[in-house]
Amino acid sequence: RPVSLKPLKKAVLPVAGLGTRFLPATKTMAKEMLPIVDKPLIQYAVEEARAAGIEQFCFVTGRGKTMLVEHFDVAFELERTLAERGKEKELAALRADAPAPGSIMSVRQQVPMGLGHAIWCARAFIADDPFAILLPDDLMQCEVSCTAQLAEAYRETGGNVVAIEEVPRDRVNRYGVLDVAEDHGRLVSVKGLVEKPPIEKAPSNLTIIGRYVLMPEVISHLARMEKGAGGEVQLTDGMAKLIGSQPFHGLRYQGRRFDCGDKAGFLEAQVAFALARPDLAPAMRDILQRYG
Ligand code: UTP
């Protein structure tokens, strides 16, 4: 175990994408404000990060995304009304959710030029520290916070760690894919990464999901603004340049992922999260039976 590792306290949440797959819902509203049951995606991501000991958050936002920052502010009028109406439980829940003052900041990505570019926009926030990345449209259902699992792997390996899962071969072309050096089961050491490879050229079927812990040196690689798959500045390409000079591992995380940027994944998440709630599970089971 490396001796002088910097603690992981920072997370970047890129939320500047256009969310075209959810139009018209995302015409005036951020995709990350879409609720699963009764909580917006962004709040699940912040809670997951907090459960991993993250204390500072940077949202990379764009046009029409101010509501995401507002969501974490104190709503004075609402709190007073709840207090006046004796809604103590709701009030306590709102207050428990509130992040520490000054712990959330946002930077602007004026033009969505790709995920790598979005991360580069957070460079002043990242400075010289290791940082987590959470893409809020990947919603995780894990006993131990997925980001906490990555944080633990970071402490073990002393370097970059990305959450990975196996996908059927015919779907590898949608993801960042690992070129595996050594597969140790839970941890996989990586000798290369490729974004959205053609199926026949994919080096494996181990793919990166929207959870990362990266070292700050990735920023200098992203700064070159080299365009990759789809003409975008790809985070995967920036990360690939770290390999060789820093430890780089994939982590087979424990839990499930719901791709809420996709309509079917979003609907499945509604069902799974409702079934996990004791207050809603009986009603949801009843609904499923009627439509089954
Ligand atoms: P997606 O590939 O899901 O794109 O981005 P999108 O624009 O959000 O949604 P669709 O495909 O048009 O429906 C993955 C993540 O990267 C962020 C998005 O906000 C999302 O969290 N992102 C992507 C940025 O912040 N900036 C970019 O330039 C691109």
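Atoms within each ligand, like the ligands themselves, are counted from 1 in listed order. Owing to the predicted nature of the structure, the values given are computational and were not obtained by experimental measurement.
Distance from atom 16 (O) of ligand 1 to its nearest protein heavy atom, with residue and atom name: L115 CD1, 3.6 Å. At the shortest separation from atom 12 (O) of ligand 1 among protein heavy atoms lies T20 OG1, 2.5 Å. The closest protein non-hydrogen atom to atom 25 (O) of ligand 1 is A16 N, 3.0 Å. The protein heavy-atom contact nearest to atom 7 (O) of ligand 1 is L18 N, 2.7 Å. Scanning the protein for heavy atoms near atom 15 (C) of ligand 1, the closest one is L135 CD1, 4.1 Å.
Between E55 and R50 there is no salt bridge, since no side-chain nitrogen of the basic residue lies less than 4.0 Å from a carboxylate oxygen of the acidic one. Note on R211 versus D138: no salt bridge recorded, every NZ/NE/NH1/NH2 to OD/OE distance being 4.0 Å or above. Under a 4.0 Å N-O distance rule, the pair E217/K241 does not qualify as a salt bridge. A salt bridge links R290 to D286: one of the charged nitrogens lies within less than 4.0 Å of a carboxylate oxygen. A salt bridge links E156 and R186; the closest N-O separation between the charged side-chain nitrogens and carboxylate oxygens is under 4.0 Å. Classification of E47 and K39 as a salt-bridged pair holds, one side-chain N sitting under 4.0 Å from a carboxylate O. The pair R174-D259 fails the salt-bridge criterion, with no side-chain N (NZ, NE, NH1 or NH2) lying under 4.0 Å from an Asp/Glu carboxylate O.
In terms of polar-atom proximity, defined here as any N/O pair under 3.5 Å, K31 does make such a contact with ligand 1. Inclusion of M113 in the set of residues having an N or O under 3.5 Å from an N or O of ligand 1 is warranted.
Not a single heavy atom of H117 sits closer than 4.0 Å to an atom of ligand 1. Using a 4.0 angstrom heavy-atom cutoff, G114 counts as in contact with ligand 1.
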message = Run the ring pair (Phe, Tyr, Trp, His ring centres under 6.0 Å) test on F266 and F22 for me, step by step, so that the C-alpha distance in whole Å, both residues' side-chain angles and the decisive distance to 0.1 Å come before the verdict.
response = CA-CA 10 Å; F266 177 78; F22 267 94; 5.2 Å; yes

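In this structure, Q149 contributes its side chain and V144 its backbone to a donor-acceptor pair below 3.5 Å.
Proximity to G19 (heavy-atom distance under 4.0 Å) selects the following atoms of ligand 1: 6 (P), 7 (O), 8 (O), 9 (O), 10 (P), 12 (O), 13 (O). Ligand 1 places these atoms under 4.0 Å from at least one heavy atom of D137: 3 (O), 20 (C), 21 (O). Proximity to V15 (heavy-atom distance under 4.0 Å) selects the following atoms of ligand 1: 19 (O), 25 (O). Residue-ligand proximity, A118 to ligand 1, at heavy-atom distances under 4.0 Å covers atoms 24 (C), 25 (O), 26 (N). Heavy-atom contacts of E32 reach the following atoms of ligand 1: 19 (O) (cutoff under 4.0 Å). Short contacts between ligand 1 and G17, defined as distances under 4.0 Å to a heavy atom of the residue, involve ligand atoms 6 (P), 7 (O), 8 (O), 18 (C), 19 (O), 22 (N), 24 (C), 25 (O).
For the residues Q234, R21, Q109, K65, the heavy atom positioned nearest atom 11 (O) of ligand 1 is part of R21. One option in P14, A122, G210 has a heavy atom closer to atom 17 (C) of ligand 1 than any other, and that option is P14.
At least one side-chain heavy atom of L134 sits under 4.5 Å from a side-chain heavy atom of E48.
With hydrogens and angles left out, the side-chain atoms of H117 and Q109 include a donor and acceptor closer than 3.5 Å.
Within a 4.0 Å radius of atom 19 (O) of ligand 1, the protein contributes at least one heavy atom.
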